[in-house]
Amino acid sequence: MANNNLDQLINFYKLMLKVRIFEEKIDWLFSRGLLGGTSHMCIGQEAVAAGISANLNLDDYVISSHRGHGHLIAKGGEVRKIFSELMGKVDGYCQGKGGTQHLCAKEIGFYGTNGIVGGGIPVATGIALSIKLRRSRQVAVVFFGDGATNQGTFHESLNMASIWGLPILFVCENNLYGMSAPVSKMTNIKDLARRADAYNIKSHIVDGMDVEAVFARSGEALNYIRDSQKPCFIEAKTYRHCGHSKSDARVYRTKEEEKCWREKDCLDVLKTRLISLGFAAEQMDKIKAETEQEIEAAWKLSEKSEDTPLSLGLKGVYKDG
Amino acid sequence: MARLITYREAIREAIAEEMSGNDKVIFLGEDIGAYGGAFGVSKGLLERFGAGRVIETPISENSIVGVGVGAAMAGFCPIVEIMFMDFITLAMDQIVNHAAKIHYIYSGQLNVPLTVRVPAGAGKGYGASHSQSLDCWFLNVPGLKVVAPSNPYSAKGLLKSAIKDPNPVIFIENKMLYDFKQEVPEEPYYLEIGKAETLLAGTDVSLISYGRALHLSLAAAKIAKEAGISVELIDLATLKPLDTGTIINSVKKTGKAVIVEEGHKTSGVGAEIAALISEECLEYMNGKVVRVAAEECPIPSAQKLEAAILPSVEKITAAIKKACFSYE
Ligand SMILES: Cc1ncc(C[n+]2csc(CCOP(=O)(O)OP(=O)(O)O)c2C)c(N)n1
Ligand SMILES: [Mg+2]
């Protein structure tokens, strides 16, 4: 049991580190002008995706937001294909036609990142409806931010999921800001989980910096959904250490606040826990070095792959047949 | 065997046939159950197919369409009824940013076989928020198909094709046509999306229309004939993809065109067709291209005003003359 637990934590460490190093690489590429467009990194929020996805099966659905690299990697996505997508290469997840905010990997149940704040919530609700109609034991998990809970689609979808009894897990990653807007200014309640009460949906509040807590709570929530065929809601209290997107001076928050959350960083929390369980620091350094190599190798491969030609870019507007 | 049925019944039959033929076809909308929908189209469908497939929704247009998009991505073929076309404005995000784009942006991994049915048009004195024809809004969105049948026969055949189509289709029903009757075969049939129909062959002027305006155009064509003008009448039936071949061939032959629609003129369907004609047929022209559309004001509630701002047989007749006699 104890060993299983340690293995699980090591896996979390590997996964979260992979997301962190990937996102840092993206940030670095932007700073060098080596990537165009934009990207919303999830640095600081890795534990939410990792903890929840560890409870999912391959055929469960994940629907993500604009901040979705971590969700995709946690569902089993390949970093090379994400790099390639961001660089407009043919071997990207969507041949460069989607980009960071429109990533999709159907074969692993990843039904898309989404450029419209709140846009994925009704889509996920419809996917959950399809599960119900098919009478399978799958679930749909939809990730969104605190800001998205002020969209009409959020309220409309929670209501429909509740009245129809849909197998969906709503995951609100409350990172305290929607772009520059503090949640405390845009919402007059302390816990966004309270919004689920209005629709008679069971909810949990969880420390999003603690992957073990996320894992345990979401495991409970997913069992509840599969057994009861009712929706559930998780509010994960978290923080993005980085800016909203690339090149953000973060003028809307204080350095003290940032420092305070840095001290609660999900990877540091996990490291401390691993050390307390007797896992050697050198082992962690080794994992880190390997992960860095893996990300670097993936980037190199993507860099070398082919740009998507216009002939392909003009295709696929409609499905034939 | 054919029998006389209404546009409303033809639409209901199309839904029922597709639902019987494929259990992945589901139907969502407000008040579509026992009530039968705001225009009575769905009467009897709940009893026949059950609440698992005829799904009554809260008043949440954007998310109803969104739920349709999600279910479509996960293997279903949803039909969503938006009670009045005016309310489709609330669902523009899910239609424009999601339904239309998912196949492309996700590079063909997923597709959205969704049909959004919308009762459109004026003539009942419902006022500005319940009478619009926003058809042209959707022509500017790659990834959508737009169908707008003018009669029971085409409504049934095109709706069946729309439901089967692997892409999102906006299916525009004109609410003044619901009681319009026509002979429709009893046997199931499909009509191809993207095909216009030449209803009258003529040599002097191409009269291009669809939906309810097609009926006014037909009446105007008869009047023109009495005045010695031979009108070629085209029912577009599908607005996107537009049957450009039929339009171009007709205008090359007649050298003149009148385009009639119930929506507003600015950037409307007629504007698109006029541009097409100027790109493809200019050297064949011996007359004008004239548009007939709703006046540039919201649809007034007072029925006399409403009638006055909409296209009419008189306005179309005058437009035909203007197109033909402009160089005399
Ligand atoms: C409909 C819509 N409005 C605005 C934006 C611009 N935008 C992108 S992300 C964002 C903030 C979203 O905040 P939140 O939901 O808390 O997610 P977070 O970025 O914190 O992960 C905004 C305003 C958008 N993409 N879509
Ligand atoms: Mg936020």
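Here is the naming used below: chain letters follow the sequence lines, and residue numbers restart at 1 for every chain. Fair warning: this is a prediction, and the values are worked out from it, not measured in the lab.
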- Using non-hydrogen atoms and a 4.5 Å limit, figure out which bit of B/Q94 sits close to chain A: side chain, backbone, both or neither. side chain

- Item | Inter-residue atom distance B/I277.CD1 - B/E272.CD, 0.5 Å rounding | 10.5 Å

- Message: Quick check on the interface: out of A/A105, A/G115, A/G99, A/G96, who has the most heavy-atom pairs with chain B under 4.5 Å?
- Response: A/A105

- Query: Which answer fits A/L103, side chain, backbone, both or neither, if we ask what part of it has an atom under 4.5 Å from a heavy atom of chain B?
  - Reply: backbone

- Query: Name the one of A/L56, A/I168, A/V62 that satisfies side chain to side chain contact (heavy atoms under 4.5 Å, CB included) with A/V139?
  - Reply: A/L56

- Query: By a 4.5 Å heavy-atom criterion (distance strictly below it), what part of B/I26 contacts chain A: side chain, backbone, both, or neither?
  - Reply: side chain

- Interchain contact, A/T308 with chain B, by part (heavy-atom threshold 4.5 Å): neither

- Item | Test log, rule side chain to side chain contact (heavy atoms under 4.5 Å, CB included), inputs B/E30 and B/E61 | CA-CA 9 Å; B/E30 297 162 13; B/E61 282 77 9; 2.7 Å; yes

- Message: Quick check on B/H103 against chain A: is it the side chain, the backbone, both or neither that has a heavy atom closer than 4.5 Å?
- Response: both

- Among A/N159, A/D320, A/T153, residue most engaged with chain B (heavy-atom pairs, under 4.5 Å): A/T153

- Note on the structure: Highest number of heavy-atom pairs under 4.5 Å with chain A among B/G68, B/P58, B/A100 belongs to B/P58

- Item | Heavy-atom contact with chain A under 4.5 Å, split by part of B/N62 | both

- Name the member of A/N114, A/T125, A/I116 that forms the most heavy-atom pairs with chain B at distances under 4.5 Å. A/I116

- Rounded to the nearest 0.5 Å, what's the gap from OG on B/S42 to CZ on B/R48? Could you check? 13.5 Å

- So, the part of A/K132 with a heavy atom under 4.5 Å from chain B: the answer is neither

- Indicate, with yes or no, if the rings of B/Y106 and A/Y111 have centres closer together than 6.0 Å. no

- Note on the structure: Applying a strict 4.5 Å limit to non-hydrogen atoms, the region of B/F76 in contact with chain A is side chain

- Message: Could you check whether A/F154 and A/F144 have their ring centres less than 6.0 Å apart?
- Response: yes

- For the atom pair CD1 (B/I248) and CG (B/D243), what is the distance rounded to the nearest 0.5 Å? 9.5 Å

- Is any side-chain heavy atom of A/N57 less than 4.5 Å from a side-chain heavy atom of A/Q138? no

- Note on the structure: Pair count under 4.5 Å, heavy atoms only, with chain B: among A/Y93, A/W164, A/Y61, highest is A/W164

- Might you confirm whether atom CG of B/N140 has over 12 heavy atoms from other residues, nucleotides or ligands at distances under 6.0 Å? no

- Who wins among B/G52, B/G143, B/A71 for the most heavy-atom pairs under 4.5 Å with chain A? B/G143

- Message: Does the Lys NZ or Arg CZ of B/K164 fall within the cation-pi geometry relative to B/Y190 - under 6.0 Å from the ring centre and within 45° of the axis?
- Response: no

- Message: Counting heavy-atom pairs closer than 4.5 Å to chain A, which one of B/L90, B/L144, B/D23 comes out on top?
- Response: B/L144

